Amino acid sequence: MEGKLERKYTFLKNKYNTLLLPTFFMVMSEKVAAVIDIIIIGFLIGSQQLSIINIASPLTYYTGIFYILFGQGGNLLALRAQSELNHEKMNFYFTLSVIGICIFSILYILIIFLFVDNILMMYNCPKEIFNISKEYLLILIFYYPLNCFIVVVSYFVRSDGFPKMPFYAILIANVINVILDIVFLKVFDWGITATALSTVIGYLIGAIYISQYIFIKKGSFKIISLAKYKIKNILYSLKDIILNTPEVIGKIFFALKISLLTYLSSTYWGVAGLIAFLIYDNSETVVYIFLSGIMKTMSPIVTVLHKEMDFEAVHYIIVVSMKQVLLISFPVSVLFFVYPEILLAIFNVSNPYYAEVVILAIRLTAFSLVGRCMSYLLASYAQAIEENKISSIITFLEEFLFLFASALILTRLIGGIGIWISILVAECLPVLVYVILTLRLQKSNKDIINRIFMIQNSKLITWTYNRNDVGKLDKYLDEESSKILIQVENLFKENAIIISNSINDICNDIFEHIDIDDIDLTIRLMDEKLYIVFTNEGKLYNPFSNDNLMQSNNIKALSQLNCEFDYDEILGFNKTYLIYEN
């Protein structure tokens with residue numbers, strides 16, 4: 001007996017892995033190289049010099065505000081425009097993002113240059129490293145606009161089906177950075193400031209490499225002239241980017257959090273505290289690689305699927321993402337708690353007092369890693385499904401309220417140890433808040449069928465259409481899908497047969513021109529409008545460009561009715577649309 005027609009999720013799994021692996025490699029090449037950079041400095045010129053790097057780290061984190069705003073925010077709006085088949089709007093957001101990041105990051109380094117002394121005093125920089133920290137920072141500031149440019153363009157390049165290009169850009173930048181570090185420190189003996197210069201040179205070459213997408217590659221996103229747009233329209237669009245990027249609030253609070261923790265570490269523990277905080281921050285590199293890769297992969301896929309109201313696919317992606325995050329973060333937390341001495345050896349911390357402070361910090365913050373990963377993932381997911389209020393609340397609590405309140409109170413009560421305990425509190429409590437918020441949403445909206453993931457009911461039929469399934473449109477569907485199909489037949493009456501036959505014709509045409517076995521088919525009924533989407537991962541092919549198909553009896557009949565045909569490439573998929581309004 002033949003089984004029911006079901007969705008295999010093969011395309012989603014393949015696309016997820018296709019985007020995930022290069023994203024892992026891109027983040028890995030950036031973070032691992034950054035850690036190697038720190039390890040090289042620690043071994044070649046001493047672990048005390050690491051405190052200079054940590055003093056500059058809050059300013060590096062502030063740049064995340066800009067590249068998340070224009071990278072993730074601009075990319076999500078561009079993808080939504082692409083899902084709506086509005087290519088002019090899509091390219092407008094791409095252009096605005098690239099130009100915007102260049103302007104904002106240049107203004108940022110100008111401010112640092114003018115107020116560098118005030119900034120170092122604000123972080124209570126120890127006197128013994130003040131002057132060298134200033135020299136280091138005044139060179140490092142030229143790295144900020146280069147890194148921002150690479151990251152922003154990478155968001156668009158990845159979602160346009162070129163996931164390897166961002167990986168190569170970051171890899172090139174960091175490999176050159178590490179090589180020059182060794183040359184400058186070992187061969188020329190130039191000191192810590194030379195490591196800032198090597199970073200700038202590496203990222204300059206990386207930025208040149210990724211610029212080929214704009215000037216050479218024939219991608220979906222294109223730079224257009226903004227001259228025809230009024231200043232008011234551009235400002236409104238910037239406002240839309242900000243409102244649709246609640247994660248930027250998290251980046252602002254995260255940078256403020258790093259600033260506060262840097263100040264407290266320096267104030268209560270001195271150089272030892274700065275080293276401990278730097279090692280804590282970099283000890284999460286392995287998990288951060290996976291977390292960042294998973295988030296950057298999950299977010300654009302969920303954004304597109306949610307916009308298309310394909311909620312079953314949304315559920316599939318977020319469940320896979322959560323399992324992967326937990327599988328990585330929990331074992332690493334256990335390892336750090338039991339064996340923090342591993343990090344002492346890696347970062348060459350030999351001073352007994354420094355080692356004591358580092359071990360204390362790592363043990364107390366070990367399990368904050370699991371909470372941090374889950375809250376980041378859930379906030380990113382909420383943003384992708386346009387639950388911006390929940391995303392903003394989670395990031396506000398984690399990155400600001402819980403951390404600032406607990407850090408300031410606990411350090412007053414128990415001294416420097418309160419810094420590390422406050423991190424644990426701030427990273428874990430937001431997950432509980434997320435669950436409470438989604439339970440409240442469940443009570444106020446009966447259409448939500450999954451409490452944690454806020455997924456709504458929709459009149460949607462979805463399954464994987466195999467070559468052998470042609471002619472089985474109304475057979476072997478589950479009970480709910482069969483009911484929806486009956487509604488379609490009752491609503492569109494005799495035209496339902498034409499629609500059914502047209503689906504078979506389109507699938508046959510795709511199978512004939514592309515060497516694939518499966519097509520994901522979704523049929524959604526909204527009011528009196530029918531949306532049919534054909535998705536495949538084969539070579540690019542638009543069936544509506546085929547005159548033989550367009551002249552077939554069924555398609556000609558649909559053309560004479562109130563029916564729209566469209567095609568687009570989204571996330572590297574062929575997306576064929578048939579939209580019929582009764």
Side-chain angles (χ1 to χ4, degrees), residues 31 35 38 42 47 50-51 53-55 57-58 61 123-124 253-288 291 325-326 328-376 397-433:
K31 296 299 289 184
V35 174
I38 293 172
S47 59
L50 299 180
S51 58
I53 298 175
N54 195 53
I55 280 290
S57 64
Y61 284 117
Y123 292 133
N124 201 17
F253 291 140
F254 181 75
L256 291 173
K257 176 178 77 172
I258 295 297
S259 296
L260 176 65
L261 293 174
T262 299
Y263 168 79
L264 292 175
S265 298
S266 179
T267 301
Y268 282 91
W269 301 102
V271 171
L274 291 173
I275 294 172
F277 185 54
L278 180 72
I279 293 176
Y280 151 75
D281 195 25
N282 284 274
S283 67
E284 300 180 347
T285 294
V286 174
V287 175
Y288 178 81
L291 172 64
V325 165
L326 289 173
I328 298 298
S329 62
F330 187 76
V332 173
S333 295
V334 173
L335 178 65
F336 287 164
F337 182 80
V338 177
Y339 299 111
E341 294 82 5
I342 295 174
L343 296 171
L344 296 180
I346 291 174
F347 292 94
N348 192 32
V349 180
S350 56
N351 183 300
Y353 177 63
Y354 295 171
E356 182 183 347
V357 176
V358 171
I359 289 176
L360 177 66
I362 296 302
R363 280 213 165 114
L364 288 177
T365 58
F367 288 99
S368 68
L369 185 57
V370 178
R372 181 179 182 181
C373 288
M374 290 305 300
S375 57
Y376 274 24
L397 293 177
E398 179 182 10
E399 307 293 12
F400 185 77
L401 184 60
F402 287 161
L403 187 283
F404 272 66
S406 58
L408 294 175
I409 292 172
L410 290 175
T411 50
R412 284 291 185 93
L413 294 176
I414 58 179
I417 195 174
I419 299 171
W420 320 123
I421 297 176
S422 67
I423 291 174
L424 179 63
V425 171
E427 303 291 12
C428 295
L429 283 185
V431 178
L432 178 61
V433 174

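Because the structure is a prediction, the values reported are computed rather than measured.
- Inter-residue side-chain proximity for Leu256 and Leu260 is flagged as unmet; no heavy-atom pair is nearer than 4.5 Å.
- Applying the side-chain hydrogen bond (donor to acceptor under 3.5 Å, both in side chains) test to pairs two or more places apart or on separate chains, none has a residue in residues 401-410.
- Here the closest non-hydrogen pair linking Val431 and Gly371 is CG2-O, 3.7 Å.
- Tyr353 pairs by the ring-ring contact (aromatic ring centres under 6.0 Å, His included) definition with nothing, not counting sequence neighbours.
- Pairs of residues two or more places apart, or lying in two chains, that qualify as side-chain hydrogen bond (donor to acceptor under 3.5 Å, both in side chains) and include a residue from residues 410-431 are Lys257-Glu427.
- Residues satisfying the side chain to side chain contact (heavy atoms under 4.5 Å, CB included) test with Leu326, not counting sequence neighbours, are Val370, Met374.
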Distance-only donor-acceptor hits, side chain of residues 355-362, under 3.5 Å, sequence neighbours excluded:
none

Checking side chain to side chain contact (heavy atoms under 4.5 Å, CB included) for the pair Asn351/Ile275: CA distance, chi angles, key distance, verdict?
CA-CA 11 Å; Asn351 183 300; Ile275 294 172; over 6 Å; no

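- The side-chain hydrogen bond (donor to acceptor under 3.5 Å, both in side chains) analysis of residues 358-374, with sequence neighbours excluded, yields the pairs Glu284-Arg372.
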Identify each donor-acceptor pair in which a side-chain atom of residues 331-339 lies under 3.5 Å from a protein atom, sequence neighbours left out, and give them as a table.
| residue | atom | partner | partner atom | Å |
| --- | --- | --- | --- | --- |
| Ser333 | OG | Ser329 | O | 3.0 |
| Ser333 | OG | Ala366 | O | 3.1 |

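- In this structure, the separation between CZ on Phe347 and CG on Asn282 is 5.0 Å, given to the nearest 0.5 Å.
- Residue Ile417 holds its CD1 atom at 10.0 Å from CG of Leu410, rounded to the nearest 0.5 Å.
- Applying the side-chain hydrogen bond (donor to acceptor under 3.5 Å, both in side chains) test to pairs two or more places apart or on separate chains, those with a residue in residues 258-279 are Tyr62-Ser259, Tyr123-Ser259, Asn124-Thr267.
- What you find for Asn54 and Leu274 is that their closest heavy atoms are ND2-O, 3.2 Å.
- Taking CG of Leu424 as the reference point, atom CD1 of Ile419 lies at 14.5 Å (rounded to 0.5 Å).
- Considering only residues two or more places apart in sequence or on other chains, Phe277 meets the ring-ring contact (aromatic ring centres under 6.0 Å, His included) condition with Tyr280.
- Here CD1 of Ile346 is found 9.5 Å from OG of Ser283. Values are rounded to the nearest 0.5 Å.
- Here Asp281 contributes atom CG and Leu261 contributes atom CG; the two are 9.5 Å apart, rounded to the nearest 0.5 Å.
- Considering only residues two or more places apart in sequence or on other chains, Tyr354 meets the side-chain hydrogen bond (donor to acceptor under 3.5 Å, both in side chains) condition with none of them.
- Between Tyr61 and Phe254, the angle of the ring planes goes over 60°, which puts this pair in the perpendicular group of the 30/60° scheme.
- Residues passing the side chain to side chain contact (heavy atoms under 4.5 Å, CB included) test with Ile328, sequence neighbours excluded: Val287, Phe290.
- A heavy-atom distance below 4.5 Å is found between the side chains of Leu291 and Val325.
- Residues that satisfy the side-chain hydrogen bond (donor to acceptor under 3.5 Å, both in side chains) test with Ser51, not counting sequence neighbours, are absent from this structure.
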